[in-house]
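See below for the structure under consideration.
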Amino acid sequence: MTTLTLATRWNPIDWPLTHGPIPYAVLAAGWAALALLAVRRDRDWWRFRLPAALVTAGALSLLLDVLVDGWWHPFPEGTPRYVTWWIAVALLGFCLAGYRMRRGPWRRRALTFGLSLLVLLMASSQVNIGFGQFPSGRVMLAPWLTRTDSLVADKTAQTVAAPPDKVLDEVWHAPANLPEKGSVSVVPIPGTKSGFKARDAYVYLPPAYRATPRPLLPVVVMISGQPGVPGDWVLSGQINEALDAFAAEHGGLAPIVVMPDQLGSTWANTLCLDSKIAKVQTYLAADVPDWIHRNLQTATGRKAWAIGGASMGGTCALQLGVNAPDVYGTVLDMSGQTEPTLGTREETVKAAFGGDEKKFDAVDPLQVMARRKFPDTTVALVVGETDGEFRPQMENVYQAAQAAGMKARFELMPGGHGWVVFRPGIVQQIPWLAQQTGLTR
């Protein structure tokens with residue numbers, strides 16, 4: 001639950017949208033609007049138009065379900081049931097409004113249309129509560145409010161590194177003029193070796209990175225879900241705020257976090273593999289690290305590098321952890337799947353490897369872990385308590401990780417699947433990531 005400070009209590013864009021009075025007021029207004037749309041004194045309304053509106057809304061809902069999950073199939077696991085339900089409610093509101101607006105003065109028609117918009121607002125609010133994409137208006141407006149800075153690409157600064165028997169915060173002394181907050185930059189990371197055409201990445205540099213001398217900080221690569229954009233961890237996850245809070249308690253120290261693109265476009269699904277679809281594993285295991293080494297001064301070696309993500313991004317992180325263990329020594333998998341998927345295994349193998357099961361098994365993370373041990377890899381698995389789709393899969397991943405000799409931990413968070421889990425989850429896991437990558441003890 002978000003705690004509002006005295007300053008934010010009086011700023012409407014900071015008022016919570018997933019709990020408290022606003023979503024309850026929207027819910028009440030939406031149901032009242034739907035009731036007003038459904039009730040009318042006209043006998044023909046009850047005998048013909050209301051049943052017609054119900055049938056039309058049901059047919060449109062069914063058609064949309066077939067088009068989205070049966071034909072387009074943007075979500076491998078299918079559209080969540082609560083989302084389908086609230087879409088149906090919104091369609092019912094518009095259908096009722098449409099049958100009511102066939103007659104009457106324009107003012108009455110405008111009022112009817114306004115009531116249908118209230119129903120749409122209610123449905124959108126309930127979906128937002130379930131997924132947690134926008135906990136406040138500020139997060140909703142983040143694409144326009146988030147400030148980005150030019151990347152600090154100077155590699156000539158003097159540096160401070162931790163000796164083998166110590167961690168970085170035991171040898172680091174913060175200067176007096178250290179900035180209070182880190183910087184967020186948007187940069188292109190070309191697919192030099194992979195040929196992958198990625199969208200611009202987001203890069204978070206903590207306050208200590210701008211110090212002289214500069215500490216050699218660990219690196220965390222964070223992957224978004226699908227559908228998604230590279231900036232999701234900043235815009236919806238507010239990871240920069242969580243890192244700033246951690247840095248404030250550790251003399252400006254926090255991991256460098258690079259958030260690259262693994263999709264190519266919002267709705268694409270590359271599976272994070274090297275396949276017929278794209279060479280995204282090479283992009284994340286070679287191109288992204290090469291770019292970091294060329295442009296930033298960081299700690300080196302797999303022990304100082306971690307990869308993490310949520311949903312499809314969590315699956316991706318696990319894949320890189322077992323298929324590129326020489327690059328990433330730590331994995332954070334939040335609500336991921338047991339294997340990369342486009343829906344069914346048959347569909348996935350056909351699209352990615354032309355139907356060759358052996359090629360898929362060679363990179364499928366659970367298959368890799370069944371053949372190979374990873375005693376030097378640490379993994380944290382985080383999932384929502386009520387996530388009926390992904391929790392069983394994460395439990396299977398946890399068992400496989402233990403069998404493969406990984407140092408594994410499994411944690412449940414309140415909630416289902418979405419930013420309602422990912423946002424507090426990353427706050428909880430940043431101290432763990434710092435410990436695993438040699439930043440703190």
Side-chain angles (χ1 to χ4, degrees), residues 17-18 22-134 140 225-227 266-267 269 311 341-344 347 384 386-390 415-420:
L17 300 179
T18 55
I22 292 179
Y24 282 113
V26 171
L27 184 65
W31 282 122
L34 191 64
L36 289 172
L37 288 170
V39 175
R40 195 168 179 174
R41 294 181 180 179
D42 187 351
R43 180 178 296 179
D44 287 343
W45 171 257
W46 293 97
R47 295 177 63 183
F48 302 108
R49 295 181 189 174
L50 178 60
L54 292 170
V55 170
T56 303
L60 288 174
S61 299
L62 180 60
L63 176 63
L64 188 63
D65 183 63
V66 171
L67 290 175
V68 173
D69 284 341
W71 177 68
W72 182 20
H73 208 56
F75 314 108
E77 65 279 1
T79 306
R81 290 183 180 178
Y82 75 92
V83 175
T84 302
W85 159 255
W86 285 111
I87 289 175
V89 171
L91 287 173
L92 177 59
F94 281 112
C95 288
L96 290 170
Y99 279 94
R100 292 181 71 103
M101 290 170 65
R102 294 175 60 186
R103 300 174 185 174
W106 69 268
R107 290 183 179 178
R108 182 177 296 173
R109 294 184 182 187
L111 176 60
T112 299
F113 183 67
L115 291 174
S116 69
L117 291 180
L118 276 177
V119 177
L120 175 62
L121 180 62
M122 171 183 67
S124 301
S125 174
Q126 292 302 303
V127 171
N128 183 51
I129 290 172
F131 195 63
Q133 184 86 19
F134 306 115
M140 187 181 299
Q226 183 275 335
T266 300
W267 296 94
N269 189 344
S311 195
T341 181
L342 295 174
T344 67
E347 291 172 328
T386 59
D387 190 342
E389 176 72 26
F390 289 86
H417 190 81
W419 291 104
V420 67

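These numbers were taken from a predicted model, which means no experiment stands behind them.
Expressed to the nearest 0.5 Å, how far CG of Leu67 lies from CG of Leu62 amounts to 9.5 Å. Asp44 contributes atom CG, which lies 12.5 Å from atom CG of Leu50 (distance to the nearest 0.5 angstrom). Here the straight-line distance linking atom CG of Leu115 with atom CG of Leu37 works out to 5.0 Å at 0.5 Å rounding. With rounding to the nearest 0.5 Å, the separation of CG in Leu121 from CG in Leu27 is 10.5 Å. The distance from the CG atom of Leu96 to the OG atom of Ser116 is 9.5 Å, given to the nearest 0.5 Å. Atom-to-atom distance recorded for Arg43:CZ and Arg49:CZ is 14.5 Å, nearest 0.5 angstrom.
Counting heavy atoms from C-beta on, the side chains of Pro76 and Leu342 never come closer than 4.5 Å. With a 4.5 Å cut-off on side-chain heavy atoms, Glu347 and Thr344 count as touching. No side-chain heavy atom of Thr56 sits less than 4.5 Å from a side-chain heavy atom of Phe94. The closest side-chain heavy-atom distance from Ser61 to Ile87 is not below 4.5 Å. Phe48 has its side chain out of reach of Tyr99: every pair of non-hydrogen atoms, C-beta onward, lies at least 4.5 Å apart. Between His417 and Ser311, the closest side-chain pair of non-hydrogen atoms falls below 4.5 Å.
A donor-acceptor pair under 3.5 Å is formed between the side chain of Arg109 and the backbone N or O of Met101. A distance-only check finds a donor-acceptor pair linking the side chain of Ser124 to the backbone of Leu120 [under 3.5 Å]. Formation of a donor-acceptor pair under 3.5 Å by the Asp69 side chain with backbone atoms of Thr79 is found in this model.
Between Phe75 and Pro227, the shortest heavy-atom distance links the atoms CE2-CD, 3.4 Å. Nearest heavy atoms, Gly93 versus Val119: CA-CG1, 4.2 Å. The minimum heavy-atom distance linking Gly132 with Thr18 is given by the pair CA-CG2, 4.4 Å.
Remark: Arg100 qualifies as a cation-pi partner of Trp45 under the 6.0 Å distance and 45° angle criteria applied to the six-membered ring.
Trp85 CH2: 12 or fewer foreign heavy atoms inside a 6.0 Å radius. Atom OH of Tyr82 is surrounded by more than 12 heavy atoms from other residues, nucleotides or ligands within 6.0 Å.
In the model, Gln126 has no side-chain atom that pairs as donor or acceptor with a side-chain atom of Trp86 under 3.5 Å.
Applying side chain to side chain contact (heavy atoms under 4.5 Å, CB included) to Ser125 and the options Ile129, Val127, Asn128 leaves one that passes, Ile129.
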